[in-house]
Engineer: 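My questions all concern the structure below.
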2 protein chains.
Amino acid sequence: MKDGMLINPVRAVELFHALADQTRLQILDELKGGERCVCELMDCLEAGQSRLSFHLKVLKDAGMIVDRREGRWMYYAVNTEAFAELDALVDSFTHTKRTSRAPTRC
Amino acid sequence: MKDGMLINPVRAVELFHALADQTRLQILDELKGGERCVCELMDCLEAGQSRLSFHLKVLKDAGMIVDRREGRWMYYAVNTEAFAELDALVDSFTHTKRTSRAPTRC
DNA sequence: TTGACGAATCAATATTTGTTGATATATCAT
DNA sequence: ATGATATATCAACAAATATTGATTCGTCAA
């Protein structure tokens, strides 16, 4: 990711929110092993189709995953760029040192 | 953070959830400049006392910030360790390569 | 073209999260 | 002790998010 590029707070919230859920983390964890179709995710996560679809949409809207149709199947895969973005975001949090001023009491 | 140490999913959700809110990100951003008392945060975030207290608790429960009493004032500051943990967590996401197997169709 | 299948979307509902104003608690100054 | 101040907590409510089952849509096979 471009250095010095600021990620706006709205985007940051969207990213973190997408990750702030057990099911979605499981999905991402599974997708780390390569692309998967929905039915396979249903299997290994033991989640209903509708529920899964919902969470996949959240992840997709946040840009964390990408999809690809192949016939009747939809394949999902992690979007590497988004992870780089996340990495940069966390780094900017961790490393951005501001001129530390003393607290001003009320 | 210890290498190879796995962060459990529940903890990951807690961390990301704590960050998935505009107000809480603002708080952290402010605290990057050094420790602050609540009244000062109220000022610069233009947030009510009760609301702020709520979000500070979320951040504190997640271990993102620490507090310190000084007389009537409570001072909050970022907890560096938690940020290291976050960093490690994101890294583990980004870099953990699993043996990529082909997707198994239904 | 019809039927079956994989997946998205919708509507209803449940659950969780956030906000607000009121009250409680702790500490200080008098 | 009393009152003032800083903050936490609580209760009521509002808003956002997640779950479920039903329906719809797109694609394929016969």
Side-chain angles (χ1 to χ4, degrees), chain A residues 9-28 30-31 35-77 102-106, chain B residues 9-28 30-31 35-77 102-106:
Chain A
V10 176
R11 174 61 178 148
V13 168
E14 185 182 34
L15 272 176
F16 287 131
H17 169 257
L19 296 168
D21 178 276
Q22 186 67 58
T23 304
R24 293 195 287 269
L25 289 184
Q26 284 180 258
I27 291 172
L28 290 174
E30 184 60 26
L31 295 186
E35 73 174 1
R36 300 280 184 268
C37 69
V38 176
C39 44
E40 192 177 16
L41 290 171
M42 287 178 63
D43 247 33
C44 62
L45 301 202
E46 297 186 323
Q49 184 266 317
S50 168
R51 185 158 83 97
L52 210 46
S53 217
F54 169 80
H55 289 293
L56 286 168
K57 184 163 164 35
V58 173
L59 286 170
K60 192 187 159 191
D61 287 349
M64 307 291 301
I65 59 178
V66 292
D67 58 357
R68 171 178 79 81
R69 177 181 284 281
E70 190 178 315
R72 292 179 248 185
W73 294 272
M74 289 297 297
Y75 286 94
Y76 285 91
T104 336
R105 183 172 287 172
C106 314
Chain B
V10 175
R11 173 62 178 148
V13 169
E14 185 182 34
L15 272 176
F16 288 130
H17 169 258
L19 295 168
D21 177 277
Q22 187 67 58
T23 305
R24 294 195 286 270
L25 289 184
Q26 283 179 258
I27 291 172
L28 290 174
E30 184 60 25
L31 294 186
E35 73 174 1
R36 300 279 184 271
C37 70
V38 177
C39 43
E40 192 177 15
L41 290 170
M42 285 177 63
D43 247 34
C44 63
L45 301 201
E46 296 186 326
Q49 184 266 315
S50 166
R51 184 159 83 99
L52 210 45
S53 216
F54 169 80
H55 289 292
L56 286 168
K57 184 164 165 35
V58 173
L59 287 170
K60 192 187 158 190
D61 287 350
M64 307 290 302
I65 58 178
V66 292
D67 58 358
R68 171 178 78 82
R69 178 181 284 281
E70 191 177 314
R72 292 179 248 186
W73 295 271
M74 289 297 297
Y75 286 94
Y76 284 91
T104 337
R105 183 173 286 171
C106 314

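In what follows, every chain begins at residue 1, and chains take the letters A, B, ... in the order their sequences are listed. Since the model is a prediction, treat every value here as computed from it, not as a measurement.
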Engineer: Check the distance between dA6(D)'s P and Glu35(B)'s CD and give it to me in whole angstrom.
Structural biologist: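 Atom-to-atom, Glu35(B) to dA6(D), this comes out as 17 Å.
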Engineer: What residues form a side-chain contact (heavy atoms from CB on, under 4.5 Å) with Lys57(B), not counting sequence neighbours?
Structural biologist: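 If we apply the side-chain contact (heavy atoms from CB on, under 4.5 Å) test to Lys57(B), skipping adjacent residues, the hits are Asp61(B).
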Engineer: dG26(D) C1' sits how many Å from Tyr75(A) OH, rounded?
Structural biologist: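 Roughly 16 Å, once rounded to whole Å.
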Engineer: Take atom CD of Glu14(B) and atom P of dT17(C), then tell me their distance rounded to the nearest Å.
Structural biologist: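 In whole Å, dT17(C) P and Glu14(B) CD are 11 Å from each other.
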Engineer: Rounded off to whole Å, could you give me the CE-to-P distance for the Met42(A) and dC5(C) pair?
Structural biologist: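 Going from Met42(A) (CE) to dC5(C) (P), I get 14 Å.
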Engineer: Is Gly71(B) touching bases, backbone alone, or none of the nucleic acid, heavy atoms closer than 4.0 Å?
Structural biologist: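 Here Gly71(B) touches the backbone only, sparing every base.
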Engineer: Could you identify which residues of residues 18-27 of chain A place a heavy atom less than 4.0 Å from some atom of DNA chain D, listed by residue number, or say none?
Structural biologist: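 Those residues are Asp21(A), Arg24(A).
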Engineer: For Asp67(B) and dA26(C), what is the distance between atoms CG and P respectively, to the nearest whole Å?
Structural biologist: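 Checked: the CG to P distance equals 15 Å.
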Engineer: Starting at CZ of Arg68(B) and ending at C1' of dT27(C), how long is that distance when rounded to a whole Å?
Structural biologist: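 Rounded to whole Å, this separation is 15 Å.
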Engineer: Between atom CZ in Arg69(A) and atom C1' in dC28(D), what is the gap in whole Å?
Structural biologist: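 The answer, rounded to whole Å, is 11 Å.
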Engineer: Rounded to whole angstrom units, what separation is found between the NE2 atom of His17(A) and the P atom of dT17(C)?
Structural biologist: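 His17(A) atom NE2 is separated from dT17(C) atom P by 10 Å.
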Engineer: Where along residues 49-62 of chain A does a heavy atom come under 4.0 Å from DNA chain D, residue by residue in number order?
Structural biologist: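 Residues of residues 49-62 of chain A that come under 4.0 Å of DNA chain D are, in numerical order, Ser50(A), Arg51(A), Phe54(A), His55(A).
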